[in-house]
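Here's the structure we're looking at; comments come further down.
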Amino acid sequence: MAFSPSCGMGSTRGSVEGYGGPGASYGAGGSALTQFDFSAIDEMDPALSSGQVILYDREVPFELRVHSSGDGNGDVGTLEAVRVKVMTLGEGAGLVSVTAELTSESDLFFHHAHVMDARSFRAVQDQQRLMVDFAEYPAVLVRMLNACIKEPHTHLAVVVLGRDGRSHLDFIQNLEYKFVELLSVQFSASADEAVRQAISFRYNALKSRVALMHARLQDVNALIKLKSPALLVQLQRSPPRYSPAHAPSTPTSVRHAY
């Protein structure tokens with residue numbers, strides 16, 4: 001397999017799609033009532049304790065397979081949205097390491113990590129005949145992940161879970177007449193302590209976000225009560241709308257097989 005620099009991105013910072021960076025505000029429109037600053041919460045992520053910076057944080061459609069045969073491909077698995085977080089220590093020529101984490105909202109204990117430094121990258125570069133330098137590696141990962149989101153019919157991401165805790169993420173391009181493996185990334189199941197810290201952070205972060213949004217809702221209610229009490233009464237009487245798209249997914253069993 002070969003991967004050329006033209007498949008990557010020109011810059012790994014400031015233009016990466018999928019992450020707004022620390023201090024980003026979320027919400028519709030420009031009103032202060034609908035925007036939230038979660039930067040203080042995001043900075044508590046234990047994955048950033050060593051000084052790393054989040055480059056990419058987004059859910060990507062993956063096919064999860066369990067390795068059970070000798071050919072290394074595993075059985076046909078399930079399609080699931082897996083959250084991918086890519087972090088870097090240093091940048092450009094001073095890039096020290098690249099870390100990627102895979103987590104799932106349907107299974108809190110699913111936590112796999114990939115760590116790459118310049119030395120280990122040279123070995124992968126020789127094995128997979130990669131035509132990019134280590135400094136371009138983060139951009140290549142981001143490019144491939146986004147391609148799996150934008151073009152799921154031609155760009156596939158397959159995670160093969162080994163029974164020994166090791167796994168690999170394969171980026172595959174469908175050329176209609178054949179499948180081409182662009183890159184294979186090695187992962188391993190995280191240690192129990194790392195999983196515990198990650199779960200604790202996700203729970204506390206969600207709790208803090210809900211508290212911030214609740215406080216903002218109280219401010220909005222107070223404003224509406226002052227400006228239009230009748231409208232507030234009408235809103236409080238209206239039943240909340242339920243959307244199946246936001247319902248929690250049913251945990252799959254494929255990752256528990258190992």
Side-chain angles (χ1 to χ4, degrees), residues 1-22 42-43 45-62 72 82-103 111-151 154-162 164-173 179-191 194 198:
M1 73 190 73
F3 199 83
S4 65
S6 61
C7 295
M9 297 176 64
S11 171
T12 60
R13 297 186 186 277
S15 61
V16 174
E17 182 178 350
Y19 184 70
D42 295 335
E43 290 172 358
D45 190 339
L48 305 180
S49 60
S50 59
Q52 298 186 102
V53 176
I54 296 178
L55 180 67
Y56 186 88
D57 189 359
R58 195 172 183 183
E59 283 192 337
V60 183
F62 280 6
V82 173
R83 192 163 198 90
V84 184
K85 184 184 297 182
V86 179
M87 297 158 288
T88 58
L89 182 61
E91 58 181 312
L95 182 64
V96 177
S97 65
V98 179
T99 302
E101 288 184 353
L102 306 180
T103 57
H111 194 287
H112 286 238
H114 159 77
V115 180
M116 181 77 75
D117 57 19
R119 181 177 180 179
S120 56
F121 178 78
R122 284 194 292 271
V124 174
Q125 190 178 39
D126 293 338
Q127 293 171 0
Q128 303 189 32
R129 300 197 298 274
L130 302 180
M131 300 178 66
V132 294
D133 297 326
F134 180 55
E136 300 171 280
Y137 181 58
V140 169
L141 286 178
V142 170
R143 176 74 175 184
M144 289 189 174
L145 290 167
N146 281 335
C148 293
I149 297 175
K150 296 178 179 179
E151 305 171 82
T154 58
H155 290 79
L156 313 174
V158 179
V159 176
V160 180
L161 302 169
D164 57 356
R166 292 182 294 179
S167 59
H168 55 90
L169 166 60
D170 299 332
F171 291 100
I172 301 171
Q173 184 174 8
F179 290 92
V180 178
E181 183 180 292
L182 302 177
L183 178 67
S184 183
V185 183
Q186 298 298 315
F187 281 81
S188 59
S190 301

> Any salt bridge between D117 and R119, counting N to O under 4.0 Å?
Replying inline: no

> Quick check: are there more than 12 heavy atoms from other residues, nucleotides or ligands sitting under 6.0 Å from CZ of R83?
Replying inline: yes

> Are the side chains of V140 and L182 in touch, meaning some heavy atoms are under 4.5 Å apart?
Replying inline: no

>> Please enumerate all residues that pass ring pair (Phe, Tyr, Trp, His ring centres under 6.0 Å) together with F187, with sequence neighbours excluded.
In response: H114

>> Can you tell me how far apart CG (L161) and CG (L169) are? Round to the nearest 0.5 Å.
In response: 10.5 Å

>> Side chains of I149 and L145, heavy atoms from C-beta outward: is any pair under 4.5 Å?
In response: no

>> When you compare the side chain of D45 with that of K85, does any pair of heavy atoms fall below 4.5 Å?
In response: yes

>> Donor-acceptor pair, distance only, cut-off 3.5 Å: does the side chain of D164 make one with the backbone of R166?
In response: yes

>> Is there a side-chain contact (heavy atoms from CB on, under 4.5 Å) between L141 and Y56? Walk through the geometry before answering.
In response: CA-CA 9 Å; L141 286 178; Y56 186 88; over 6 Å; no

> Are any non-hydrogen side-chain atoms of F121 and V98 less than 4.5 angstrom apart?
Replying inline: no

>> For a quick check under 3.5 Å, do S184 and D170 share a side-chain donor-acceptor pair by atom type?
In response: yes

> Between V185 and F171, does a side-chain contact (heavy atoms from CB on, under 4.5 Å) hold up when you go through it step by step?
Replying inline: CA-CA 8 Å; V185 183; F171 291 100; 4.1 Å; yes

